[in-house]
Amino acid sequence: MRLLLITPPMTQLNTPYPATAYLTGFLRKHAPEVEVAQADAAIELFLRVFSRAGLERVRGQLRAGTSESVDHFLANADAYVATIDAVVRFLQGRDPGLALRICARDLLPEGPRFAATEQGPGQDEDDPLAWAFGHLGTTDRAKHLASLYIDDLADVIKGGIAPEFELARYAERLAASAPTFDAMQGALEGPPTLIDTMLDELAADLHERHRPDLVGLTVPFPGNAYSAFRIARAIKRLAPATRVALGGGYVNTELRELSDPRVFDYVDFVTLDDGEAPVLALLAHLGDPGKPLLRTFVREAGAVRLVTSDLHDIPFIEVGTPTYAGLPLDRYVSLLEMLNPMNRLWSDGRWNKLTIAHGCYWKQCTFCDITLDYISRYDRAPADLLVDRIEQIVAETGQTGFHFVDEAAPPAALEKLAERLIARNVVITWWGNIRFEKAFTPELTKLLARSGCVAVSGGLEAASDRLLSLMKKGVTVEQVARVTRAFTEAGIMVHAYLMYGFPTETAQETIDALERVRQLFAEGCVQSAFWHRFTATAHSPIGQQPDLFGIKLRKPPAITFAKNDVAFDDPTGTDHDFFAEGLRRAVYNYMHGVGLDADPRSFFARRYKVPKTTVPADLIRRALG
Ligand code: SF4
């Protein structure tokens, strides 16, 4: 049996999404008779499009006058075609010498995205980027300029070739909370864009290369779903006997009520929750149809049925070590778009991804999918086993950077892990998600730093004690201030996830939250942040018991495909849309050290609509003592 596991486009470009690596490592241990291969179609598609041959095809399809980016590209197409391969090689870290040419600013065509380079907060009019890179930061400066060049090209593709194309997602709209399969099927069977055609070609090449009996498509996000169906469609057309299975985060979250049989024109199986046990069951079932499936949708007599059995999930201790074997680790592309040292971690550098534990040890937040297995089933492994896994991955990849992708890594587990890393002299660099809870004392943050921790991210959410309590977040703003300061003083950068538009949130609470965030930046507690708009989801306590949170759900549409976000009315009546742009602009400025002395109202277009903050100007300073 030959199994090919594929990550469909698009996902982050700097490092592989880890699902196929986890499953491959697991199956090599638990089903050694199966020939498992993995492919990252996301990086492969990017490298095809962002190449000399790819851009020639793009040029052949563009029409002048479509957008500013398209017109700029057409006017400079020869220069783009001539430079693209060198730029991608540079961003892959395979041609560092090109940095000096890029920094000279006469090699690369500079489209609309480069306007941002003229607006730095620095004082040097001749060199507006000097504040970020100084005179010696040539490599980073070149990486930033090359990233803007790639962003310009992505805008060209979006503007003139495929309106749904982005560097980190493709056609997300067709999948995210899409109640029916209509739009997805329409796009799959309608006229293909050039990106679709290149994706079909890529799928055919993957099939030719691997000749799989079974293809497993992992769909972590809605922005991967269309490509997954497109790859499935292409492979089925070439080899109808090939079986195709779909799984992953998007499926687990949004397709739990799947009932549209048309989905099974493209795939044969849709598995829910952790993939290890369902895939093992599926492999056994394909060898012997009498063997049971686990949490798997199939089409039977034209109807969709969820088939399951009493087979057990695999304990975290037994899932084995992810393996990146077969993935082109030297071809990933590091981008440096935002000039913020913490923010760059998401797009720059190759990070081995690993989880410290399965699920969330807290599992209480009322906006979170705590009823789903990926959050609710908390399962740990001993620290020494984790260090064994880390050593094995370093030996395989030659790379010592780790991103711990837990929903919220438990402080006690991190402490044990740090002690064992230090005791065993394992030198790594790591970062990950946590909750800002008081167990992260100055002593613990220093220990984590000694073990290689360089950054953490965590939820400050609505930055209001009333709303944090409604969320059951288990933290207060003052506690977050103390914990984040402890991290920063230990030399660990901090990113805060922020949320606005929570049920019953008032305009006053939003502006007060921004003021608290301003003070946290000003006091050096956090270095990076991002505001997310609250959405009620079907699997969260708020989505399931809206009355407790003062909101009313709207009548849902009939759902046969995806279900996640649920529309609601909040009688409080705050115009949250009004705040979106000002909140984004404020935090963007704070991340670059700008506007920290300004009244938070100054970031909003119509100041008169925004109440004055009621937060004392020294709130955070006092909390820090
Ligand atoms: S939001 Fe984070 S900390 Fe809260 S329950 Fe979900 S995963 Fe856990």
Side-chain angles (χ1 to χ4, degrees), residues 18-19 220-221 248-250 252-254 256 273-274 316 346 353-381 403-415 417 431-440 444-445 448 453 455-477 479-484 487 494-503 505 513 517 526 528-546 548-549 564-566:
F221 308 109
Y250 165 75
N252 305 338
T253 312
E254 303 215 16
R256 305 191 82 85
D273 300 330
D274 277 9
F316 187 60
W346 274 280
K353 306 225 178 195
L354 195 68
T355 38
I356 302 295
H358 182 284
C360 173
Y361 69 103
W362 176 252
K363 52 185 164 189
Q364 293 192 49
C365 301
T366 54
F367 58 84
C368 180
D369 290 344
I370 59 175
T371 57
L372 296 184
D373 179 81
Y374 80 97
I375 302 287
S376 65
R377 187 162 57 81
Y378 180 59
D379 189 10
R380 270 179 67 175
H403 182 193
F404 296 144
V405 287
D406 296 72
E407 302 302 328
L414 286 179
E415 181 172 8
L417 177 66
W431 60 294
N433 293 328
I434 56 152
R435 282 177 65 244
F436 293 129
E437 65 163 270
K438 51 179 175 289
F440 288 109
L444 178 53
T445 55
L448 298 182
C453 178
V456 291
S457 53
L460 172 58
E461 318 300 358
S464 141
D465 286 347
R466 181 184 82 84
L467 296 172
L468 283 166
S469 160
L470 258 184
M471 290 173 176
K472 290 203 187 161
K473 191 73 200 177
V475 301
T476 63
V477 174
Q479 179 185 315
V480 171
R482 285 189 287 272
V483 169
T484 52
F487 276 109
V494 179
H495 173 90
Y497 294 106
L498 303 169
M499 186 187 284
Y500 69 102
F502 194 76
E505 180 168 349
V517 169
V526 303
S528 163
F530 189 82
W531 292 96
H532 300 260
R533 173 73 182 261
F534 167 80
T535 47
T537 65
H539 310 293
S540 67
I542 295 177
Q544 298 190 341
Q545 293 180 288
L548 297 183
F549 299 89
N564 192 39
D565 297 354
V566 287

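Atoms within each ligand, like the ligands themselves, are counted from 1 in listed order.
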Of the protein's non-hydrogen atoms, which lies at the shortest distance from atom 6 (Fe) of ligand 1, and what is that distance?
C368 SG, 2.4 Å
If you compare all heavy atoms of N433 against all heavy atoms of D406, which two are closest, and at what distance to 0.1 Å?
ND2-O, 3.0 Å
Need the ligand 1 atom indices (1-based, order shown) with element for anything under 4.0 Å from a heavy-atom of Q364.
5 (S)
With atoms numbered from 1 as shown, which atoms in ligand 1 lie under 4.0 angstrom from a non-hydrogen atom of C360?
3 (S), 5 (S), 7 (S), 8 (Fe)
Does D273 pair with R377 as a salt bridge, N-O distance under 4.0 Å?
no
Which label fits W431 and H403: parallel for a plane angle under 30°, tilted from 30 to 60°, or perpendicular past 60°?
parallel
Just checking, any donor-acceptor pair under 3.5 angstrom between side chains of S528 and H495?
yes
Is there an N/O/S atom in C365 that lies less than 2.8 Å from atom 8 (Fe) of ligand 1?
no
Atoms in ligand 1 with a heavy atom of E407 nearer than 4.0 Å
7 (S)
Who gets closest to atom 3 (S) of ligand 1 by heavy atom: R435, K472, K363, E461?
R435
Which word best sums up how the rings of H532 and Y497 line up, parallel for under 30°, tilted for 30 to 60°, or perpendicular for over 60°?
tilted
